[in-house]
Enquirer: 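Okay, here's the structure, questions in a sec.
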Amino acid sequence: MWLIKSEEETNPNYGKHPKERSIEEQIPNSVVIVDKHSGPTSHQITEWTRQIFQAKKAGHAGTLDPKVTGVLPIALENATKAMPVLMGLDKEYVGVMHLHKEIDEEILRKVIAEKFVGKIIQVPPVKSAVARKPREREIYYFDILEIEGKDVLFKVGCEAGTYVRKLIHDLGLALKVGAHMTELRRTKAGNFSEEQAWPLVKIKDAYEFWKEGDETLLRKILIPVEYAIEHVKKVFVKDSAIYNITCGAPVYVKGITRIQEGIRRGETVAIFSLKEELVALGIAKLTSEEMFERKRGIAIRTDRVFMPKGTYPKIV
């Protein structure tokens with residue numbers, strides 16, 4: 001739901017809707033969902049993606065272990081500024097665990113339901129990039145899809161930062177039979193699904209097709225950063241406010257036209273133009289209702305600017 005503060009027109013001579021960008025303009029402002037294959041590290045996949053697009057830099061959201069496959073969001077160039085809001089996305093995995101002894105299916109499901117769904121305490125594994133201290137994570141669902149002897153096909157939806165390999169190990173301990181994970185694939189990261197994921201070879205082909213004059217496939221692969229952060233609450237600003245925001249100035253209440261409901265103080269919000277371009281990310285200093293009701297004051301502290309200065313003119 002939206003709070004409409006004022007009705008404004010946008011000047012067609014400045015800015016451009018994300019879907020109207022050329023491929024040259026789109027590449028540095030896009031996120032690509034790579035279908036990671038087994039073997040390389042996430043850093044290596046990111047570097048190969050950067051090389052394909054001849055980008056100056058690239059960054060990935062949510063590291064996958066070398067043997068794990070599936071959804072790996074990679075931001076290119078300017079879009080890497082969105083990494084803070086892409087890193088904490090919830091995840092979904094499908095995998096196979098191997099029980100060290102066969103166990104009754106009813107017992108397996110009962111232990112999972114009682115001890116491994118909801119808030120859990122998890123100690124990161126020895127080979128991890130974080131301190132090995134107990135921390136709380138949430139398991140949204142842990143479904144058993146199929147059982148064949150000691151092998152169990154499962155699906156898990158979990159909070160970012162959950163170690164699924166450790167989850168399976170801990171389940172084995174709780175069952176008193178032991179268990180380890182043999183296969184794992186990430187099927188979702190936030191709103192990104194494996195239906196949007198592309199293998200590197202297909203991405204490379206799409207880039208070469210574009211160079212040869214056919215941009216159809218590359219258009220499907222490149223996700224404008226605006227659409228990659230749909231989970232972030234938004235405000236829309238007047239054309240007249242954009243120049244100052246691109247210079248790092250805060251967003252003032254009087255420059256806002258439309259506010260998404262539910263914004264809390266201290267929350268990261270996306271600042272959009274009336275042409276649906278991402279201008280910047282900022283930290284809310286007011287709630288949605290306060291932004292709507294007040295006539296003056298600072299609404300958002302600008303944090304990361306995406307739009308180049310001069311895209312919209314300075315209006316005195």
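As the structure is a prediction and not an experimental result, all values here were calculated from the model.
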Enquirer: Backbone N or O of Thr41 within a donor-acceptor pair of the Gln44 side chain at under 3.5 Å?
Expert: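 No, Gln44 side chain to Thr41 backbone: no donor-acceptor pair under 3.5 Å.
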
Enquirer: In terms of side-chain geometry, is the basic nitrogen of Lys155 or Glu146 positioned less than 4.0 Å from the acidic oxygen of its partner?
Expert: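 Here Lys155 does not pair with Glu146 in a salt bridge, since their nearest N and O are not under 4.0 Å apart.
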
Enquirer: Val31 versus Gln196: any side-chain heavy-atom pair under 4.5 Å?
Expert: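 Result no, sub-4.5 Å side-chain heavy-atom pair not found.
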
Enquirer: Between Glu77 and Lys56 (salt bridge meaning N to carboxylate O under 4.0 Å), is one present in this structure?
Expert: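 Salt bridge flag = no for Lys56 with Glu77.
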
Enquirer: Could you measure the distance from the CD1 atom of Ile139 to the NZ atom of Lys115? Nearest 0.5 Å is fine.
Expert: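 Ile139 atom CD1 to Lys115 atom NZ measures 15.5 Å (nearest 0.5 Å).
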
Enquirer: Linking I/L/V/M/F/W/Y whenever their side-chain heavy atoms sit closer than 4.5 Å, directly or via other members, would Leu184 and Ile120 fall into one cluster?
Expert: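 Yes: a chain of side-chain contacts under 4.5 Å links Leu184 to Ile120.
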
Enquirer: Could you check whether any side-chain N or O of Lys36 sits under 3.5 Å from a backbone N or O of Pro66, counting only pairs where one atom can act as donor and the other as acceptor?
Expert: yes

Enquirer: Could you tell me whether the side chain of Ser288 and the main chain of Gly262 form a donor-acceptor pair under 3.5 Å?
Expert: yes

Enquirer: With heavy-atom distances below 4.5 Å as the criterion, would you say the side chains of Lys285 and Ile300 are in contact?
Expert: no

Enquirer: I'd like to know whether Glu92 forms a side chain to side chain contact (heavy atoms under 4.5 Å, CB included) with Val156, so could you lay out the CA-CA distance, the side-chain angles of the two residues, the decisive distance to 0.1 Å, and finally the verdict.
Expert: CA-CA 6 Å; Glu92 181 187 85; Val156 167; over 6 Å; no

Enquirer: Using the side-chain contact (heavy atoms from CB on, under 4.5 Å) rule, pick out the option among His180, Glu183, Met181 that qualifies with His98.
Expert: His180

Enquirer: Is it true that Tyr252 and Val269 fall in one hydrophobic cluster, defined by side-chain heavy atoms closer than 4.5 Å?
Expert: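 No, because Tyr252 and Val269 fall into different hydrophobic clusters, even though each may have its own neighbours under 4.5 Å.
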
Enquirer: Applying side chain to side chain contact (heavy atoms under 4.5 Å, CB included), run through Trp2 and Glu261 and close with a yes or a no.
Expert: CA-CA 6 Å; Trp2 294 88; Glu261 289 186 341; over 6 Å; no

Enquirer: Lys234 and Ile263: which non-hydrogen atoms are nearest, and at how many Å?
Expert: O-CD1, 4.0 Å

Enquirer: Taking Thr162 for its side chain and Cys158 for its backbone only, find out whether a donor-acceptor pair lies under 3.5 Å.
Expert: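 No; judged by distance alone, with no hydrogens or angles, the pair does not exist.
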
Enquirer: Taking only Lys NZ, Arg NE, NH1 and NH2, and the carboxylate oxygens of Asp or Glu, determine whether Glu277 and Lys16 approach each other closer than 4.0 Å.
Expert: no

Enquirer: Looking at every non-hydrogen atom in both residues, tell me the closest pair between Ile221 and Ala206 and how far apart they are.
Expert: CD1-CB, 3.5 Å

Enquirer: Indicate the atoms forming the closest heavy-atom contact of Thr80 with Gly59, along with that distance.
Expert: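 Heavy atoms only, the tightest pair is CG2-N, 3.8 Å.
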
Enquirer: Any non-hydrogen side-chain atom of Asp170 less than 4.5 Å from a side-chain atom of Phe116?
Expert: yes

Enquirer: Please report the shortest heavy-atom distance between Leu72 and Leu64, naming the atom on each side.
Expert: CB-CD1, 4.4 Å

Enquirer: With a 4.5 Å limit on heavy-atom distance, are the side chains of Ile283 and Thr302 in contact?
Expert: no

Enquirer: In sequence, state the C-alpha distance, the side-chain angles, and the governing distance for Val235 and Met291, and then conclude on side chain to side chain contact (heavy atoms under 4.5 Å, CB included).
Expert: CA-CA 10 Å; Val235 300; Met291 292 182 201; 4.0 Å; yes

Enquirer: Under 3.5 Å, is there a donor-acceptor pair between the side chain of Asp214 and the main chain of Thr216?
Expert: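 Judged by distance alone, yes, a pair lies under 3.5 Å.
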
Enquirer: What I'd like to find out is whether the side chain of Ile223 reaches to under 4.5 Å of the side chain of Ser30, using heavy atoms alone.
Expert: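 No. Closest side-chain heavy atoms not under 4.5 Å.
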
Enquirer: Any side-chain donor-acceptor pair under 3.5 Å between Arg137 and Gln122?
Expert: no

Enquirer: Can you tell me if NZ on Lys275 sees more than 12 non-hydrogen neighbours from other groups inside 6.0 Å?
Expert: yes

Enquirer: Measure the shortest side-chain to side-chain distance between Val279 and Ser273 over non-hydrogen atoms and say whether it is less than 4.5 angstrom.
Expert: yes

Enquirer: So does Glu47 pair up with Arg50, basic N to acidic O under 4.0 Å?
Expert: yes

Enquirer: Indicate the atoms forming the closest heavy-atom contact of Ala82 with Val225, along with that distance.
Expert: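 Answer, listing the atom of Ala82 first, then Val225: CB-CG2, 4.0 Å.
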
Enquirer: To the nearest 0.5 angstrom, please state how far the OG1 atom of Thr182 sits from the NZ atom of Lys150.
Expert: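 The distance works out to 13.0 Å.
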
Enquirer: Partners of Thr287 by side-chain contact (heavy atoms from CB on, under 4.5 Å), sequence neighbours excluded?
Expert: Arg265, Glu289, Glu290

Enquirer: Is it the case that the side chains of Tyr140 and Glu159 hold a donor-acceptor pair, with the cut-off being a distance below 3.5 Å and no angle test?
Expert: no

Enquirer: Could you tell me if the side chain of Val85 sits less than 4.5 Å from the side chain of His231, heavy atoms only?
Expert: yes

Enquirer: Evaluate whether atom NZ of Lys188 has more than 12 neighbouring non-hydrogen atoms of other residues, nucleotides or ligands under 6.0 angstrom away.
Expert: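 No, NZ of Lys188 has 12 or fewer neighbouring heavy atoms, counting only those of other groups under 6.0 Å.
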
Enquirer: Side chains of Leu278 and Ile271, heavy atoms from C-beta outward: is any pair under 4.5 Å?
Expert: no

Enquirer: Would Thr257 and Ile4 count as a side chain to side chain contact (heavy atoms under 4.5 Å, CB included) if you check the C-alpha gap in whole Å, the side-chain angles of each, and the deciding distance to 0.1 Å?
Expert: CA-CA 6 Å; Thr257 68; Ile4 310 299; over 6 Å; no

Enquirer: Would you call the rings of Phe154 and Phe142 parallel, tilted or perpendicular if under 30° counts as parallel and over 60° as perpendicular?
Expert: tilted

Enquirer: Going from OH on Tyr207 to CZ on Phe53, what distance comes out if it is rounded to the nearest 0.5 angstrom?
Expert: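 Rounded to the nearest 0.5 Å, the OH-CZ separation comes out at 8.0 Å.
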
Enquirer: When rounded to the nearest 0.5 angstrom, what distance separates CD1 in Ile52 from CD1 in Ile27?
Expert: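 With rounding to 0.5 Å, CD1 (Ile52) is 11.0 Å from CD1 (Ile27).
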
Enquirer: For Trp48, enumerate each residue passing the ring pair (Phe, Tyr, Trp, His ring centres under 6.0 Å) test, keeping only those at least two apart in sequence or located in another chain.
Expert: none

Enquirer: Determine yes or no for a side-chain-to-main-chain donor-acceptor pair under 3.5 angstrom, with Lys5 supplying the side chain and Phe292 the backbone.
Expert: yes

Enquirer: Check whether more than 12 heavy atoms from other residues, nucleotides or ligands sit under 6.0 Å from atom NZ of Lys254, and answer yes or no.
Expert: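 Not buried by this count: 12 neighbours or fewer within 6.0 Å.
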
Enquirer: As an exercise, state the distance from NZ of Lys233 to CD1 of Ile259, rounded to the nearest 0.5 Å.
Expert: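 Lys233 atom NZ to Ile259 atom CD1 measures 13.5 Å (nearest 0.5 Å).
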
Enquirer: What closest approach, in Å, do Ile245 and Ala280 show between heavy atoms, and which atom pair accounts for it?
Expert: CG2-CB, 4.1 Å

Enquirer: Look only at the side chain of Glu25 and the backbone of Ser22, and say whether a donor-acceptor pair between them is shorter than 3.5 Å.
Expert: yes

Enquirer: Say whether, by atom type as modelled, one donor and one acceptor occur between the side chain of Lys238 and the main chain of Ile242 under 3.5 angstrom.
Expert: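 Judged by distance alone, no pair lies under 3.5 Å.
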
Enquirer: Is Glu24 atom CD crowded by more than 12 heavy atoms from other residues, nucleotides or ligands, each under 6.0 Å away?
Expert: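 Enclosed.
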
Enquirer: Ring centres under 6.0 Å, that's the criterion: do Tyr243 and Tyr312 meet it?
Expert: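 No, ring centres 6.0 Å or more apart.
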
Enquirer: Of Val164, Val94, Thr69, Val71, which meets side-chain contact (heavy atoms from CB on, under 4.5 Å) against Arg186?
Expert: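 Only one of Val164, Val94, Thr69, Val71 forms a side-chain contact (heavy atoms from CB on, under 4.5 Å) with Arg186, namely Val71.
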
Enquirer: Arg109 and Glu105: salt bridge (Lys or Arg N to Asp or Glu O under 4.0 Å), yes or no, with the steps?
Expert: CA-CA 6 Å; Arg109 292 181 182 276; Glu105 180 177 344; 2.8 Å; yes

Enquirer: State whether Asp104 and Lys110 are salt-bridged, where the test is any N-O pair (Lys NZ or Arg NE/NH1/NH2 against Asp/Glu carboxylate O) under 4.0 Å.
Expert: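 The answer is no: the pair does not qualify as a salt bridge.
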
Enquirer: I need the Glu102 CD to Ile147 CD1 distance, nearest 0.5 Å.
Expert: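 Here the rounded value is 10.0 Å.
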
Enquirer: Are a donor atom and an acceptor atom from the side chains of Asn29 and Asn78 found within less than 3.5 Å of each other?
Expert: yes

Enquirer: Decide whether His60 and Thr46 meet the rule of one side-chain donor and one side-chain acceptor closer than 3.5 Å.
Expert: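 A donor-acceptor contact under 3.5 Å links the two side chains.
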
Enquirer: Thinking salt bridges, do Arg185 and Glu194 make one under a 4.0 Å N-O criterion?
Expert: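 Salt bridge present between Arg185 and Glu194.
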
